[in-house]
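I have placed the structure first, in the form of structure tokens, so that the comments after it can refer back to it.
Atoms considered below: every heavy atom in the structure, side chains included; atoms not considered: hydrogens, waters and symmetry mates. Both counts, for ligands and for their atoms, begin at 1 and track the order of listing. Starting from 1, each residue takes its place in the sequence as its number.
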Amino acid sequence: MSGASGKLGQAILAELAARGADAQVVAISRTPLAVTSSMERRAGDYDDPALLASAYAGLDRLVIIPSAEMRPGIRSRQFAAAIDAALAAGVGHVVLVSAMGTRKREEPHIIAPYWVGEQHLMRSAPAWTIVRMNYYAESFADDARMAADAGVLVGLRDNRVAYVSRDDLAAAVAGVLLGGA
Ligand SMILES: NC(=O)c1ccc[n+]([C@@H]2O[C@H](COP(=O)([O-])OP(=O)(O)OC[C@H]3O[C@@H](n4cnc5c(N)ncnc54)[C@H](OP(=O)(O)O)[C@@H]3O)[C@@H](O)[C@H]2O)c1
């Protein structure tokens, strides 16, 4: 799993461990030692294709969790690099964590890189799954805590949101990894 040291990655690892699959999992990020688990850990950087090649070697399935990179164009390039490295390494099934509402948009729209990643995956991978995250309920709680601490409400807008718990998303990804899909 690429992006294993982050909040979603750790939640997926916990799900996999709870289902007894720790021994089959490789946790990958730029700082693999940040992954607090006994499973195999490898260094992998979406901006370093050579390192990705060694990180993904021998994997059957790969989950790609996007970085939090917001500069225009970078995350699109990272998605393509991760997918290309996975396919070159012979990964049979790639699971891409994408975002709800993804459609064709130009950079710097926040959805643009997800569109690029999804299209690249569907065109090139022999087997793939796209898991589209929605706004995390935990993020909303974090926002509320920050607003309470600062005494200021920011970013409020009248909008429709189908919240998802990060742990529920993690359980869904673990199910895809361990299932027959
Ligand atoms: N839908 C929502 O409400 C919501 C809220 C927050 C975040 N998100 C997005 O959801 C995704 C996952 O969320 P999260 O909370 O798990 O984020 P996170 O805690 O920031 O984790 C991001 C992961 O990506 C890895 N990463 C960052 N840059 C990388 C690079 N160049 N190469 C390889 N790995 C890299 C990080 O590890 P290293 O630094 O060790 O490489 C980390 O494991 C992110 O894209 C984030 O922007 C969505």
Side-chain angles (χ1 to χ4, degrees), residues 1-16 25-37 39-57 59 62-86 89 91 94-102 105 107-118 121 129-147 154-157 159-174 176-177:
M1 178 168 40
S2 227
S5 63
K7 291 187 277 301
L8 177 61
Q10 299 273 14
I12 298 171
L13 292 181
E15 273 291 331
L16 292 168
V25 180
V26 179
I28 301 162
S29 87
R30 293 171 303 176
T31 56
L33 294 181
V35 177
T36 52
S37 101
M39 55 190 61
E40 183 180 348
R41 293 169 288 185
R42 295 182 191 168
D45 185 339
Y46 296 139
D47 299 319
D48 184 343
L51 192 58
L52 284 184
S54 57
Y56 296 166
L59 303 184
L62 174 70
V63 181
I64 298 173
I65 298 174
S67 74
E69 177 63 67
M70 298 299 282
R71 285 174 295 160
I74 306 280
R75 202 146 49 168
S76 298
R77 193 189 66 206
Q78 291 180 339
F79 277 134
I83 292 163
D84 290 346
V91 175
V94 178
V95 182
L96 180 70
V97 177
S98 182
M100 192 58 75
T102 293
R105 287 283 187 274
E107 299 275 5
H109 197 287
I110 194 167
I111 284 301
Y114 294 108
W115 171 263
V116 171
E118 288 189 2
L121 181 69
T129 303
I130 293 168
V131 181
R132 286 179 163 181
M133 62 181 153
N134 217 316
Y135 189 53
Y136 300 150
E138 293 87 345
S139 293
F140 186 62
D142 289 343
D143 291 346
R145 267 191 292 273
M146 276 193 288
V154 291
L156 281 184
R157 232 185 116 195
N159 221 333
R160 293 181 182 178
V161 181
Y163 292 101
V164 64
S165 156
R166 195 186 272 114
D167 285 348
D168 285 349
L169 184 64
V173 173
V176 170
L177 281 177

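- Residue Met133 has no nitrogen or oxygen atom sitting less than 3.5 Å from a nitrogen or oxygen atom of ligand 1, judged on distance alone.
- Atom 31 (N) of ligand 1 has Asp45 OD1, 3.0 Å as its closest protein atom, hydrogens excluded (heavy atom only).
- The closest approach between Glu138 and ligand 1 stays at or above 4.0 Å for every heavy atom of the residue.
- Ranking protein heavy atoms by distance to atom 39 (O) of ligand 1, first place goes to Arg30 NH2, 2.8 Å.
- Atoms of ligand 1 lying under 4.0 Å from at least one heavy atom of Gln78, given by number and element, are 31 (N).
- Annotation for Leu13 and Ala27: closest pair CD1-CB, 4.1 Å, computed over non-hydrogen atoms.
- At a 4.0 Å heavy-atom cut-off, ligand 1 touches Asn134 through the backbone alone.
- Nearest non-hydrogen protein atom to atom 40 (O) of ligand 1 is Thr31 OG1, 2.4 Å.
- Between the Arg42 side chain and the Ala55 main chain, a donor and an acceptor come within less than 3.5 Å of each other.
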- Message: Go through it in stages, so that I can follow the logic: the residues are Met70 and Ile110, the test is side-chain contact (heavy atoms from CB on, under 4.5 Å), and I'd like the CA-CA distance, side-chain angles, deciding distance and then a yes or no.
- Response: CA-CA 8 Å; Met70 298 299 282; Ile110 194 167; 3.7 Å; yes
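- The heavy-atom pair separating Ile111 from Gly101 by the smallest distance is CG2-O, 4.1 Å.
- Shown in contact with Asp47 at under 4.0 Å from a heavy atom are these atoms of ligand 1, numbered in order with element: 31 (N).
- Per-residue contacts place Ile65 under 4.0 angstrom from the following atoms of ligand 1 (heavy atoms of the residue considered): 12 (C).
- When atom types are taken as modelled, the side chain of Arg166 and the backbone of Glu138 share no donor-acceptor pair closer than 3.5 angstrom.
- Nearest to atom 16 (O) of ligand 1 among the protein's heavy atoms is Leu8 N, 2.7 Å.
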- Tell me, with the steps shown, if Ile65 and Ile12 meet side-chain contact (heavy atoms from CB on, under 4.5 Å). CA-CA 10 Å; Ile65 298 174; Ile12 298 171; 3.9 Å; yes
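- Residue Gly3 places at least one N or O, backbone or side chain, under 3.5 Å from an N or O of ligand 1.
- Closest heavy-atom contact between Leu62 and Ala86: CD2-CB, 3.6 Å.
- Each of the following atoms of ligand 1 lies closer than 4.0 Å to a heavy atom of Ser5: 36 (C), 37 (O), 38 (P), 40 (O), 42 (C), 43 (O).
- Residue contacts with ligand 1 for Glu69 are absent, since no atom lies close enough (heavy atoms, distance under 4.0 Å).
- Here the side chain of Tyr46 pairs no donor or acceptor atom with the backbone of Ile74 at under 3.5 angstrom.
- For the pair Glu107 (side chain) and Gly73 (backbone), a donor-acceptor distance under 3.5 Å is present.
- Here the protein heavy atom with the shortest distance to atom 22 (C) of ligand 1 is Pro66 O, 4.1 Å.
- For the pair Ala34 and ligand 1, no heavy-atom separation below 4.0 Å is found.
- Residue, atom and distance of the protein heavy atom nearest to atom 13 (O) of ligand 1 are Tyr136 OH, 3.8 Å.
- Here the side chain of Arg132 pairs a donor or acceptor atom with the backbone of Thr102 at under 3.5 angstrom.
- Each of the atoms 45 (O), 47 (O) of ligand 1 lies under 4.0 Å from some heavy atom of Arg75.
- In terms of protein heavy-atom proximity, atom 19 (O) of ligand 1 is closest to Lys7 N, 3.0 Å.
- Among all non-hydrogen protein atoms, the one lying nearest atom 34 (N) of ligand 1 is Tyr46 CE1, 3.6 Å.
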- Evaluate side-chain contact (heavy atoms from CB on, under 4.5 Å) for Asn159 paired with Tyr135, printing each intermediate quantity in order. CA-CA 12 Å; Asn159 221 333; Tyr135 189 53; over 6 Å; no
- Would you please test Val164 and Tyr136 for side-chain contact (heavy atoms from CB on, under 4.5 Å) and show each step? CA-CA 5 Å; Val164 64; Tyr136 300 150; 4.0 Å; yes
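- The part of Ser139 lying near ligand 1 is the side chain, judged by heavy-atom distances below 4.0 Å.
- Ring orientation note: the planes of Tyr114 and Phe79 are tilted relative to one another, at an angle of 30° to 60°.
- Below 3.5 Å of separation, one finds no N or O of Ala68 facing any N or O of ligand 1.
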